[in-house]
Amino acid sequence: KTQDNFLCARKFLCKHPVSFAIMRLEQWLAISVPLLQTLAHPVLPAEQYPGNEVRWVLKEAAGIIEAAEEKPVRTQVVQPADEPARPAVPHRFSANIKFISFDTGYPAIGNGFFAQDADEKTMRVETLRPFPGTEQLLTNITSLMRGNESWDITGGNHPICRQLPMFGQQRYADLFAWAANPLVSEYQGKHAVAGRVCSLWNLRSKTPSKITLCADGNDPVELNMSIPTNASGTGAKSYNMTYHFGPLTDGSKVSETVFEKPHICETFIPPCENGRGLEPVAMDAYVFHPGISAEDYNIEDQNVADLAGDALFICMDCLQNQKSFIDHNYTLISRYTLEVSPAFGQYALCNGYPDTKPPGPSCIGGDPRLVGKEAPFFAGDGEKRCDAGSPIGFWYGLPKGGRCPPGQRPSKDAWASGCTWAVQKRLKTIHQACLLKDHDYLKFCKADVLAKKGFPRSIKALEAAFASEDPSIGGCADVGGPGEHGESVVVV
């Protein structure tokens with residue numbers, strides 16, 4: 001099964017496929033020029049998990065719309081005689097969508113689904129796109145908003161549900177009603193989207209953000225949201241999200257199940273069946289971490305990765321000049337040997353260390369005892385949690401509640417009770433400067449992103465850094481680890 005099957009299982013998604021809008025020249029230049037600049041300089045916009053611009057952009061757009069409606073830029077309007085009637089978008093409808101997103105620093109184009117019920121204050125947005133750097137896996141994220149609560153559903157045919165406050169608490173907001181309000185909407189003339197002529201309306205706002213709606217009568221054809229990435233809203237860089245809507249399904253024909261919270265959101269997913277009753281397995285784990293104190297070598301409640309997964313993580317962090325929220329003063333890269341129960345559970349997103357700001361670690365969205373596992377950024381069916389391989393490697397979560405006491409190892413029954421992981425040894429720690437500067441790691445990252453066939457160059461460079469200490473063949477020196485007797489030190 002593929003994640004395409006997940007979307008196509010919905011009759012209302014596949015019954016009327018949307019023909020993708022051919023972008024005008026100026027739209028293409030607006031996307032491709034920043035892309036070329038990104039490839040020339042290793043700085044991308046602030047980190048968002050691929051697909052989570054659905055959360056971030058919608059959250060910011062909702063706030064901008066509400067502010068504009070509460071304090072309109074103008075208080076009275078004289079409507080020109082030749083201006084069309086303002087659109088009154090249906091309160092309840094659904095539609096297939098095509099979307100263009102610039103959330104990862106280059107244009108992502110994918111399919112999706114949109115549904116809302118403004119009266120019940122509910123909205124569902126599904127997006128499906130290739131993972132950045134590879135077309136072998138798809139990232140499928142559904143954001144479900146009901147009143148002041150929201151859930152993120154990933155994993156396609158084997159869905160996993162989380163609430164992720166780290167991306168900002170999402171709540172329902174009507175993204176269309178403003179266009180019918182003459183105090184906050186402004187007519188911009190006729191526009192064409194995939195051959196459909198529509199009336200373009202601009203939200204009049206005091207912020208540098210830009211939100212427009214192009215409507216054919218009362219039917220939305222294109223919704224565009226461009227939100228500056230920095231907190232002050234004065235920066236030039238912004239997240240650009242465009243939805244192209246297909247034919248609308250009338251609200252009376254939209255199933256109520258579209259807006260219901262799935263039962264999987266009530267609990268964590270069970271451990272992988274193919275790992276139950278098995279002995280623990282040895283695993284090499286890599287982690288990019290701070291080096292401020294011995295506490296920074298403690299991998300309890302931290303995310304680690306296999307070789308391929310950490311090669312990708314380091315690429316993503318460093319392509320953003322280590323300015324993203326996923327970076328916590330990272331300066332060291334360590335490699336450990338672990339023993340883990342192969343009955344993997346739901347992956348938790350962990351951030352922070354005791355001596356970082358904000359202090360951590362803090363884990364959300366995952367099992368508090370089982371070792372969590374996912375293909376990076378929720379990619380693949382079921383996040384590939386129970387699969388043996390992934391073209392972009394795996395990320396793991398090591399919950400404190402599953403750590404084995406000294407001298408113990410996970411049992412065959414760890415899937416049901418007891419400890420689930422143990423550290424055997426820290427094998428080597430290198431300084432990031434050796435990999436990033438001495439061996440020009442970003443060169444490999446950018447080449448891999450462009451090739452879209454995984455991250456083989458980046459993986460090979462990281463492997464070479466740990467394989468030897470000879471710089472002539474890509475090796476890096478072992479800078480050592482914490483002492484044996486520190487109270488907060490968990491490995492020697």
Original post:
What class does the angle between the rings of F313 and F288 fall in, given that below 30° is parallel, 30 to 60° is tilted and above 60° is perpendicular?
Top reply: perpendicular

Original post:
Between H289 and Y353, how do the two ring planes meet: parallel, tilted or perpendicular, split at 30° and 60°?
Top reply: tilted

If I compare all heavy atoms of [X] with all of [Y], which pair ends up nearest, and what's the gap?
X	Y	result
F99	N111	CE2-O, 3.3 Å
V304	A285	CG2-CB, 3.9 Å
R457	A451	NH1-CB, 3.9 Å
Q346	T267	OE1-O, 4.4 Å
P376	L312	CB-CD2, 4.0 Å
I153	P262	CD1-CG, 3.6 Å

Partners meeting side-chain contact (heavy atoms from CB on, under 4.5 Å) with [X] (sequence neighbours left out):
X	value
D174	Q116, A118, Y172, F176, A177
L427	D284, R335, T337, K425
D117	R92, D119, E120, T122, F259

Should [X] and [Y] count as an ion pair when the cut-off is N to O under 4.0 Å?
X	Y	answer
D152	R162	no
E260	R146	no
E463	K428	no
E279	R409	yes

For the pair [X] (side chain) and [Y] (backbone), establish whether a donor and an acceptor sit closer than 3.5 Å, ignoring hydrogens and angles.
X	Y	value
W421	P399	yes
N351	G360	no
K373	D387	yes
H439	Y441	no
D413	A416	no
T420	R369	yes
R171	E149	no
Q163	S150	yes
D381	N157	yes

Original post:
Counting only heavy atoms not in K121, do more than 12 sit closer than 6.0 Å to its NZ atom?
Top reply: no

**OP:** Any pair with a residue in residues 275-315 that passes disulfide bond (SG atoms under 2.5 Å apart), sequence neighbours left out, goes on the list, sorted by first then second residue, please.
**Re:** C315-C445

**OP:** Enumerate the residue pairs fulfilling disulfide bond (SG atoms under 2.5 Å apart) with a member in residues 358-391, sequence neighbours excluded, ordered by first and then second residue.
**Re:** C272-C386, C350-C363

**OP:** Kindly determine whether L175 and M123 satisfy side chain to side chain contact (heavy atoms under 4.5 Å, CB included), including the steps that lead there.
**Re:** CA-CA 10 Å; L175 299 175; M123 180 167 63; 4.2 Å; yes

**OP:** Give, for atom CG of L370 and atom CZ of R385, the distance between the pair rounded to the nearest 0.5 Å.
**Re:** 9.0 Å

**OP:** Give, for atom NZ of K261 and atom SG of C161, the distance between the pair rounded to the nearest 0.5 Å.
**Re:** 7.5 Å

Original post:
Would you say the ring centroid of F344 lies under 6.0 angstrom from that of Y396?
Top reply: yes

Could you tell me whether the side chains of [X] and [Y] share a donor-acceptor contact shorter than 3.5 Å?
X	Y	value
D355	S293	yes
Y243	N224	no
T429	S334	yes

**OP:** Evaluate the side chain to side chain contact (heavy atoms under 4.5 Å, CB included) criterion for residues I141 and E126: first the C-alpha distance (whole Å), next the side-chain angles of each, then the deciding distance (0.1 Å), finally the verdict.
**Re:** CA-CA 6 Å; I141 291 186; E126 300 180 5; over 6 Å; no

Pairs under 3.5 angstrom only: tabulate donor-acceptor contacts from the side chains of residues 464-473 to other protein residues two or more places apart or in another chain.
from	atom 1	to	atom 2	distance (Å)
S468	OG	D470	N	3.2
E469	OE2	D478	N	3.3
D470	OD1	S472	N	2.9
D470	OD1	S472	OG	2.6
D470	OD2	S472	OG	3.0

